[in-house]
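For reference, the structure is listed below as structure tokens.
Reckoned from all heavy atoms, side chains included, excluding hydrogens, waters and symmetry mates. Computed from a predicted model, the values in this text were never measured in an experiment.
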Amino acid sequence: GAAHAFLYNTTSGMVDLGTLSTRIGPNSGSSYGYAINASGWVTGTSNTGGPGTFNQPVDAFLYNGTSMLDLGRPQGANFSQGNAINASGQVAGTCTNTNTGLAFACFYNGVSWIDLNNYTSGSDLACLVNATGINDAGQIVGSGSSNSQQNCSTTVGNRAFLLTPGPTTAVGTLSFPPTPGGYLFT
């Protein structure tokens with residue numbers, strides 16, 4: 001059968017979070033929870049296809065205590081995964097184009113996905129491939145590759161990164177607390 005993300009609490013025990021798939025039956029799609037915040041919100045990944053759909057797209061989800069919300073995927077990706085969530089419900093993760101094998105670290109700001117490679121200016125990293133954590137100040141950690149030959153073709157980088165929300169950016173403004181602005185490499 002299919003695997004489902006769950007949340008455990010002392011009142012109800014294991015609570016099945018379901019899937020984003022509209023398929024019905026024992027192979028109706030899978031979901032996997034990867035992180036939880038202090039409010040009990042969960043992020044992870046789930047199949048999204050309808051009945052009879054194979055090679056379904058996979059989207060990150062946010063479970064807000066009552067329902068599983070589909071966070072979608074950024075343009076050019078057919079896979080998104082939420083790896084971490086902060087108190088504001090912002091999600092850090094990995095997005096992939098499974099046709100090309102290219103992976104990139106991504107951030108869901110509550111409205112849309114942002115490719116964190118837009119913020120590598122001034123660093124020696126060729127690409128950010130996996131965002132694995134986000135704190136309540138909006139700082140994001142993960143792994144990247146310093147080897148341009150690697151071409152972001154894996155979700156395991158060889159160098160750690162820390163992105164910190166900052167007052168300026170060359171690619172625009174992100175609108176989320178604690179400060180307006182983009183990300184700065186630190």
**Within-4.5 Å side-chain heavy-atom neighbours: Tyr119 and Leu128** =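 They are not in side-chain contact.
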
**Request:** Find out whether Ile140 and Phe161 are in side-chain contact, i.e. whether some heavy atom of one side chain is under 4.5 Å from a heavy atom of the other.
**Result:**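 Sidechains of Phe161 and Ile140: in contact.
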
Ignoring hydrogens, what is the shortest heavy-atom contact between [X] and [Y]? Give both atom names and the distance.
{"X": "Gly65", "Y": "Trp41", "result": "N-CD1, 4.2 Å"}
{"X": "Asn47", "Y": "Ser30", "result": "OD1-N, 2.7 Å"}
{"X": "Gln90", "Y": "Gly138", "result": "OE1-CA, 4.5 Å"}
{"X": "Phe61", "Y": "Tyr32", "result": "CE2-O, 3.5 Å"}
{"X": "Thr10", "Y": "Tyr8", "result": "N-CE2, 4.3 Å"}
{"X": "Ala92", "Y": "Gly133", "result": "CB-O, 4.0 Å"}

Gap between atom [atom2] of [Y] and atom [atom1] of [X] - 0.5 Å precision:
{"X": "Trp113", "Y": "Ser80", "atom1": "CH2", "atom2": "OG", "answer": "5.0 Å"}
{"X": "Ser31", "Y": "Met68", "atom1": "OG", "atom2": "CE", "answer": "4.0 Å"}
{"X": "Asn9", "Y": "Met14", "atom1": "CG", "atom2": "CE", "answer": "11.5 Å"}
{"X": "Leu69", "Y": "Asn64", "atom1": "CG", "atom2": "CG", "answer": "4.5 Å"}
{"X": "Ser39", "Y": "Asn86", "atom1": "OG", "atom2": "CG", "answer": "10.0 Å"}
{"X": "Tyr34", "Y": "Ile85", "atom1": "OH", "atom2": "CD1", "answer": "15.0 Å"}

**Asked** Is there a donor in the side chain of Thr132 and an acceptor in the side chain of Asn83, or the other way round, less than 3.5 Å apart?
**Response**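 Distance-only check fails for Thr132 and Asn83.
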
**Listed partners of Asp115 passing side chain to side chain contact (heavy atoms under 4.5 Å, CB included), at least two apart** =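 In terms of side chain to side chain contact (heavy atoms under 4.5 Å, CB included), with neighbours along the sequence ignored, Asp115 is linked to Phe104, Asn117, Asn118.
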
**Asked** In chain order, what residues pass the side chain to side chain contact (heavy atoms under 4.5 Å, CB included) check against Asp16, with sequence neighbours excluded?
**Response**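 Asp16: side chain to side chain contact (heavy atoms under 4.5 Å, CB included) contacts with His4.
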
**Contacts of type side chain to side chain donor-acceptor pair (under 3.5 Å), residue Asp70, not counting sequence neighbours** =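 Asp70 satisfies side chain to side chain donor-acceptor pair (under 3.5 Å) with no residue once adjacent residues are dropped.
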
**Asked** Where the side chain of Asn97 meets the backbone of Gly76, is there a donor-acceptor pair that is under 3.5 Å apart?
**Response**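 Between the backbone of Gly76 and the side chain of Asn97 there is a qualifying donor-acceptor contact (under 3.5 Å).
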
**Message:** Tell me whether Leu17 shares a hydrophobic cluster with Leu20, the cluster being built from Ile, Leu, Val, Met, Phe, Trp, Tyr side chains joined at under 4.5 Å.
**Reply:**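 Per the 4.5 Å side-chain linkage, Leu17 and Leu20 are co-clustered.
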
**Request:** Could you state whether Ile134 and Ile114 fall into the same hydrophobic cluster, counting links through intermediate Ile, Leu, Val, Met, Phe, Trp or Tyr residues with side-chain heavy atoms under 4.5 angstrom apart?
**Result:**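 As far as the 4.5 Å side-chain criterion goes, Ile114 and Ile134 are connected within one cluster.
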
**Request:** Starting from the C-alpha separation in whole Å, work towards a yes-or-no answer on side chain to side chain contact (heavy atoms under 4.5 Å, CB included) for Val58 and Gln81.
**Result:** CA-CA 8 Å; Val58 176; Gln81 176 175 301; over 6 Å; no

